[in-house]
Amino acid sequence: MADNADHIDGDDNEDVRAQQNLIKIKLKSSEGGIYECGLTAAKMSDLVKNMVESLGTDAVVTTEPIILGNEAVTDAALKKIIEWVEFHWDDPPVDHDFEDEKDRRNEELSHWDKQFIDVDDQALLFDVIAAANYMDIKGLVEVGAKHICSKIRGKSCQEVREMLKITNDFTAEEEDAIHKENAWIYAKD
Amino acid sequence: MAQQLTQRMASLVTTDDGEDKDIQQPKIYAKDSMDRFGDDMFGLILSYLSLEDRFRCECVSKQIQRTVFESVVDIKLYHLIRNIYKTKTTLTQAMETIAKKFPNIQIIDCRGMICNDNNLQIFHDNCRHLRHIYCSKGSNCNQLIPKLRPLVTRISDVWAKQSFINYHRLSHLSVTFICYVFDQNFGLMAKNLLSFEFTFKVKDFNNQLLSRFVAENQSLRCLVIKEIQCNTSETLNELTEQLSRLPQLRRLRLEFRSLPKHYSLCESLRPIGVKCKQLKRLALALRSKTTQIVDSIEEFRQLKRLDLTLDSQWFGLRISGQRLTHLWLKDLKLISDRFVNCHELWPRLQCLSIECTYFSRQCLDQISTLPALQTLIVQCFVTIDLSDNDFS
């Protein structure tokens, strides 16, 4: 009996989330572009969620768009972010019965996420990650971070610098010293 | 004198000014350069690298050097140092490097290697967040010095009787035989554990030992019993009766070597299903040569994850679980009607992993009705013709 009740609750909740996602709210980028997004999807951003909760849903729906002032939230980045939350808003919730934090960190990205995040324009990629961090969308920051780390995997320092356009501020001597100190870690099987 | 002082102050002021300018007017970085990110973002992004990649990246830039190690909280030592003997570095040097570079380590896992007190002492002295040491301690000869013992929370591979005195925070223990946790006077040395693993040995198996252990380890959340050999239904029922007295049990893994012939395993498991209300994950491995009857595991209502390995002949298994989210089925003789009505049996199933010899299209069609399925893994020895439509 208790089992049944819980089951119905769960479904109800999913229905409410689906219903709420039919409500559209407006998000405004730092460049001024205004974009529509489902409410449930938009609330994947803790920043938006807190704003919605403090202003009240009705106010958000009827009044001005929510302004996302951080310069990383460009039109292009915001469009990507909306695409991501609109795909992921009905993901199953985290199961707290299992200590999955570590597993999740090690888990490979899904096929969809891989295709989503693999953008040629590195400036856009960094904007999406920085904007997701500003908007507090942990799942999306994780997708971006995993993508960058998968590109770093196995590459030499010089290759990493070239790929991510990082300035080397070590002297040759300093670099050598670090290599020497870490030599044991590179020993192959 | 006063003039000198003024001059000195002026020069100080100038220096300060210079520094201030650096801080107030950061360089404008190209948008496609990772240099645009601050240390926080670097730390966050790099936290998904493996340890090897972190070491390799260390000299990319000073910002990376500052941020690449800070997110590491646990280290598996054996994995890191396994090839150290091929280099000129000594173990002590490597340990010093690790202790220096990873300031935030909370967990040192030295299972699989012999760790002497000196090596661990470095971590004890340098890593102020260190709270857990995991080690394998085959016998009494590699006991740690008393001041390190309270940090040990997990011990595995105990293959001889030894003392667990002063290991006050021990929570996870894996021993070959259950008698190793009792001293000569049959005093129980390991109490209030969270996780325990042992091998069932029928000759030595003493139900009284298990009963004592269960009584003083009511906190137990995870239990693994390997190589269970029960030739009569009484032994099996005694065992399951004991296990059903663990109210906190969340994970249970039972690996059976032999079972009484033509006896329903599920009937014996029922007390566990009824009494262990917290049980969320159950793994059953049946590697018995005899024919088994595994009928239904309906009693396990709270179960979210089920892992079944069935190597023997068995009949009529009906797996139902309204809350099941993960199901692993290693079933070499998979019967195609296994998945009939599976959408009703497992409405919340997210992940289904199947390993079998034969797999049919019919199974796939039935599986495709699962409403919440996200991940499907099938490993089989036959080719299934799949078309693009199957992935829609």
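In the text below, chain A, chain B and the rest are named by the order of the sequence lines, each starting its count at 1.
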Notebook entry, point to check: Quick one: what part of A/Asn168 sits under 4.5 Å from any heavy atom of chain B, side chain, backbone, both or neither?
Noted result: both
Checklist line | Leading residue by heavy atom contact count with chain A [cutoff under 4.5 Å; candidates B/Gln93, B/Arg281, B/Gln65] | finding: B/Gln65
Check: Is it the side chain or the backbone of B/Gln278 that comes within 4.5 Å of chain A heavy atoms, both, or neither?
Finding: neither
Check: Under 3.5 Å, side chain of B/Arg250 to main-chain N/O of B/Gln248, donor-acceptor pair present?
Finding: yes
Next item on the list: Please confirm whether the backbone N or O of A/Trp184 pairs with a side-chain atom of B/Thr87, one donor and one acceptor, at under 3.5 Å?
Entry: no
Check: For chain B, which of A/Ala177, A/Gly144, A/Ala72, A/Gly154 has the most heavy-atom pairs under 4.5 Å?
Finding: A/Gly154
Note to self: Under a 4.5 Å cutoff for heavy-atom pairs, which residue among A/Ala130, A/Ala183, A/Ser156 has the most contacts with chain B?
What the structure shows: A/Ala130
Margin query: If we count only N and O atoms by modelled type, under 3.5 Å, do the side chains of B/Arg54 and B/Ser71 hold a donor and an acceptor together?
Written below: yes
Margin query: I'd like to verify something: which residue of B/Thr325, B/Asp40, B/Asp32 has the highest number of heavy-atom pairs under 4.5 Å with chain A?
Written below: B/Asp32
Item checked: B/Ser47 portion near chain A, given a 4.5 angstrom heavy-atom threshold -> both
Next item on the list: Against chain B, label A/Asp121 side chain, backbone, both or neither, depending on which of its atoms sit under 4.5 Å from a heavy atom there.
Entry: neither
Item checked: Segment of B/Gln374 engaging chain A (4.5 angstrom heavy-atom cut-off) -> side chain
Margin query: Tell me whether A/Lys80 forms a cation-pi arrangement with A/Phe116, defined as NZ or CZ under 6.0 Å from the six-membered ring centre and within 45 degrees of its axis.
Written below: yes
Notebook entry, point to check: Between A/Glu175 (side chain) and A/Phe170 (backbone), is there a donor-acceptor pair under 3.5 Å?
Noted result: no
Margin query: Other residues, nucleotides and ligands only: do more than 12 of their heavy atoms fall within 6.0 Å of OH on B/Tyr78?
Written below: no
Next item on the list: Examine whether an atom of B/Ser61 lies under 4.5 Å from a heavy atom of chain A, and if so say whether it belongs to the side chain, the backbone or both; otherwise answer neither.
Entry: both
Notebook entry, point to check: Non-hydrogen atoms of chain A under 4.5 Å away: do they reach the side chain of B/Lys88, the backbone, both or neither?
Noted result: neither
Checklist line | Per-residue contact mode, B/Phe37 against chain A (heavy atom under 4.5 angstrom) | finding: side chain
Next item on the list: Could you look at A/Leu124 and say if it's the side chain, the backbone, both or neither that has a heavy atom under 4.5 Å from chain B?
Entry: neither
Margin query: Determine whether A/Trp84 and A/Met44 satisfy the following criterion, side chain to side chain contact (heavy atoms under 4.5 Å, CB included), listing intermediate values before the conclusion.
Written below: CA-CA 10 Å; A/Trp84 192 85; A/Met44 288 185 85; 3.8 Å; yes
Next item on the list: Would you mind reporting whether B/His79 and B/Asp109 have side-chain heavy atoms less than 4.5 Å apart?
Entry: no
Notebook entry, point to check: Using non-hydrogen atoms only, which part of A/Lys180 is less than 4.5 Å away from chain B: side chain, backbone, both, or neither?
Noted result: neither
Checklist line | Side chain, backbone, both or neither of A/His147 within contact of chain B (heavy atoms, under 4.5 Å) | finding: neither
Next item on the list: Check each atom of A/Glu159 against the heavy atoms of chain B and say whether the ones under 4.5 Å are side chain, backbone, both or neither.
Entry: neither
Margin query: Looking at chain B, which one of A/Leu164, A/Asn133, A/Asn182 has the largest number of heavy-atom pairs inside 4.5 Å, strictly under?
Written below: A/Asn182
Margin query: Can you tell me which portion of B/Arg56 sits under 4.5 Å from chain A's heavy atoms? Options are side chain, backbone, both or neither.
Written below: both
Note to self: Taking side chain as everything from C-beta outward and backbone as N, CA, C, O, which of these in B/Glu58 sits under 4.5 Å from a heavy atom of chain A? Side chain, backbone, both or neither.
What the structure shows: both
Notebook entry, point to check: Given a strict heavy-atom distance threshold of 4.5 Å, which part of B/Ser33 is in contact with chain A: side chain, backbone, both, or neither?
Noted result: both
Checklist line | All salt bridge (charged side-chain N to carboxylate O under 4.0 Å, His left out) counterparts of A/Glu31, not counting sequence neighbours | finding: none
Check: Restricting to pairs with a member in residues 72-82 of chain B, which pass salt bridge (Lys or Arg N to Asp or Glu O under 4.0 Å), not counting sequence neighbours?
Finding: A/Lys102-B/Asp74, A/Asp189-B/Arg82
Notebook entry, point to check: Got a donor-acceptor contact below 3.5 angstrom from the B/Lys277 side chain to the B/Val274 backbone?
Noted result: yes
Next item on the list: Give the intermediate values and the outcome of salt bridge (charged side-chain N to carboxylate O under 4.0 Å, His left out) for residues A/Asp127 and B/Arg36.
Entry: CA-CA 10 Å; A/Asp127 276 340; B/Arg36 66 186 269 193; 2.6 Å; yes
Margin query: If we define contacts as heavy-atom pairs under 4.5 Å, which of B/Leu51, B/Ile45, B/Asp53, B/Val60 has the most with chain A?
Written below: B/Val60
Margin query: I'd like to know if the side chain of A/Asp75 pairs up with that of A/Ser29 as donor and acceptor (distance under 3.5 Å, no hydrogens or angles considered).
Written below: yes
Next item on the list: Examine whether an atom of A/Ile148 lies under 4.5 Å from a heavy atom of chain B, and if so say whether it belongs to the side chain, the backbone or both; otherwise answer neither.
Entry: side chain
Notebook entry, point to check: Tell me, side chain or backbone of B/Lys86 under 4.5 Å from chain A's heavy atoms, or both, or neither?
Noted result: side chain
Notebook entry, point to check: Pick from A/Gln122, A/Glu174, A/Glu181: which one has the most heavy-atom pairs with chain B under 4.5 Å?
Noted result: A/Glu181
Next item on the list: Please look at B/Ile64 and chain A and tell me whether the side chain, the backbone, both or neither of the residue comes under 4.5 angstrom of a heavy atom of that chain.
Entry: side chain
Next item on the list: Below 4.5 Å from any heavy atom of chain A, which atoms of B/Ile98 appear? Answer side chain, backbone, both or neither.
Entry: side chain
Next item on the list: Using a strict cut-off of less than 4.0 Å between a Lys/Arg side-chain nitrogen and an Asp/Glu carboxylate oxygen, indicate whether A/Glu107 and A/Lys146 qualify as a salt bridge.
Entry: no
Notebook entry, point to check: Do A/Arg161 and A/Gln158 get their side chains close enough for a donor-acceptor pair, meaning under 3.5 Å?
Noted result: yes
